[in-house]
Amino acid sequence: MTVPSQAPASLTLYGLKTCDTCRKALKSLRDAGHDVVFHDVRADGLPRETLERFHADLGEELMNKRSSTWRQLGDSAHGQDVISLISQYPAVMKRPVIDDGTRLYLGWTKDVQAALT
């Protein structure tokens with residue numbers, strides 16, 4: 001008896017088109033046969049509901065405090081909540097965020113790669 005192969009998942013990748021890590025993730029996911037929709041958070045923005053869902057699932061890890069954008073912001077910006085800050089400055093979001101419809105993945109780590117490719 002042969003077990004039917006499962007079709008690759010449809011994914012949404014949230015990131016920046018200029019981000020090398022996002023481009024690598026997008027290419028790897030497509031090469032693995034996934035149907036991937038790319039959402040540029042700077043060009044397209046993110047609805048507040050989406051950011052709230054990301055924050056509820058991923059917590060404070062959603063904020064990339066190692067980014068050059070974060071370092072350029074003043075102390076008053078650093079005191080804002082994660083959702084407000086990412087709404088104003090999308091480049092401070094850690095990326096990519098990959099949504100498979102049931103689970104969110106953050107970054108393009110070896111664990112995320114193993115789970116999705």
Side-chain angles (χ1 to χ4, degrees):
M1 181 169 149
T2 311
V3 177
S5 63
Q6 192 171 4
S10 176
L11 306 171
T12 303
L13 188 147
Y14 296 87
L16 298 174
K17 67 181 177 182
T18 57
C19 172
D20 289 338
T21 303
C22 293
R23 289 195 300 246
K24 288 177 192 172
L26 185 60
K27 180 180 181 340
S28 295
L29 292 168
R30 287 183 172 156
D31 288 350
H34 293 286
D35 177 25
V36 184
V37 174
F38 180 76
H39 184 100
D40 188 316
V41 298
R42 183 180 292 141
D44 304 325
L46 278 173
R48 184 165 185 89
E49 305 80 44
T50 302
L51 278 173
E52 288 171 351
R53 183 171 61 92
F54 287 2
H55 187 251
D57 192 41
L58 303 168
E60 297 299 310
E61 293 298 312
L62 187 60
M63 178 73 68
N64 184 1
K65 293 184 179 180
R66 295 174 55 190
S67 74
S68 59
T69 303
W70 172 262
R71 290 191 303 266
Q72 292 171 3
L73 296 174
D75 289 337
S76 63
H78 291 175
Q80 290 184 39
D81 68 282
V82 172
I83 295 167
S84 296
L85 197 57
I86 293 174
S87 292
Q88 286 182 275
Y89 306 99
V92 299
M93 183 181 88
K94 187 170 182 181
R95 52 197 182 268
V97 174
I98 303 167
D99 185 354
D100 72 1
T102 57
R103 181 174 175 198
L104 295 175
Y105 299 86
L106 182 61
W108 191 238
T109 63
K110 291 194 182 298
D111 291 341
V112 172
Q113 293 172 38
L116 296 174
T117 59

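All values reported here derive from a predicted model rather than from experimental measurement.
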Peer 1: Relative to the ring of Y14, is the ring of H39 parallel (under 30°), tilted (30 to 60°) or perpendicular (over 60°)?
Peer 2: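 Aromatic pair H39/Y14 classed tilted.
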Peer 1: Taking only Lys NZ, Arg NE, NH1 and NH2, and the carboxylate oxygens of Asp or Glu, determine whether E52 and R48 approach each other closer than 4.0 Å.
Peer 2: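 Looking at R48 together with E52, the answer is yes, because their closest N to O distance falls below 4.0 Å.
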Peer 1: Do K94 and R66 have side-chain heavy atoms sitting under 4.5 Å apart?
Peer 2: no
Peer 1: Answer yes if the side chains of T109 and D111 hold a donor-acceptor pair under 3.5 Å, and no otherwise.
Peer 2: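 Judged by distance alone, the side chains do not pair up.
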Peer 1: Less than 4.0 Å between a side-chain N and a carboxylate O, is that true for D35 and R30?
Peer 2: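 Salt bridge: no.
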Peer 1: Let me have the donor-acceptor pairs involving side chains of residues 40-47, under 3.5 Å, with sequence neighbours excluded, atom names and distances please.
Peer 2:
unit_1 : atom_1 : unit_2 : atom_2 : d
D40    : OD1    : R42    : N      : 2.9
D40    : OD1    : A43    : N      : 3.0
D40    : OD2    : K17    : N      : 3.1
D44    : OD2    : D40    : N      : 3.3

Peer 1: Evaluate the side-chain proximity of L106 to I98: yes if any heavy-atom separation is below 4.5 Å, no if none is.
Peer 2: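 They are not in side-chain contact.
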Peer 1: Atom CZ of R95 and atom SG of C19: how far apart are they, to the nearest 0.5 Å?
Peer 2: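 It comes to 4.5 Å.
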Peer 1: For F38 versus L16, what's the shortest heavy-atom pair and its separation?
Peer 2: CZ-C, 3.6 Å
Peer 1: Side chains of L62 and M93, heavy atoms from C-beta outward: is any pair under 4.5 Å?
Peer 2: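 Counting from C-beta outward, L62 and M93 do come under 4.5 Å.
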Peer 1: Distance from D57 atom CG to L104 atom CG, nearest 0.5 Å?
Peer 2: 4.5 Å
Peer 1: Quick one: does W108's side chain get under 4.5 Å of S28's, heavy atoms only?
Peer 2: yes
Peer 1: Among V97, I83, L85, V82, which one satisfies side chain to side chain contact (heavy atoms under 4.5 Å, CB included) with L51?
Peer 2: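 Result for side chain to side chain contact (heavy atoms under 4.5 Å, CB included) with L51: I83.
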Peer 1: Please give me the minimum heavy-atom distance between A32 and T117, naming the atom from each residue.
Peer 2: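 Of all heavy-atom pairs spanning A32 and T117, the closest is CB-CA, 4.0 Å.
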Peer 1: Who passes salt bridge (Lys or Arg N to Asp or Glu O under 4.0 Å) against K65, sequence neighbours left out?
Peer 2: none
Peer 1: Taking only Lys NZ, Arg NE, NH1 and NH2, and the carboxylate oxygens of Asp or Glu, determine whether D20 and R23 approach each other closer than 4.0 Å.
Peer 2: yes
Peer 1: Could you tell me which residues satisfy salt bridge (Lys or Arg N to Asp or Glu O under 4.0 Å) with D31, sequence neighbours excluded, listed by chain and number?
Peer 2: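 By the salt bridge (Lys or Arg N to Asp or Glu O under 4.0 Å) rule, D31 matches K27.
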Peer 1: Under a 4.5 Å cut-off applied to non-hydrogen side-chain atoms, are V37 and L13 in contact?
Peer 2: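 No, too far: nothing below the 4.5 Å cut-off.
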Peer 1: Quick check for you: to the nearest 0.5 Å, what is the distance between Y105 atom OH and D100 atom CG?
Peer 2: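 If we round to the nearest 0.5 Å, Y105:OH and D100:CG are 4.5 Å apart.
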Peer 1: Any side-chain heavy atom of L116 within less than 4.5 Å of one from L29?
Peer 2: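 Counting from C-beta outward, L116 and L29 do come under 4.5 Å.
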Peer 1: Starting at CZ of R103, measure out to CG of L11 and round the result to the nearest 0.5 Å.
Peer 2: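 Here the interatomic distance stands at 12.0 Å.
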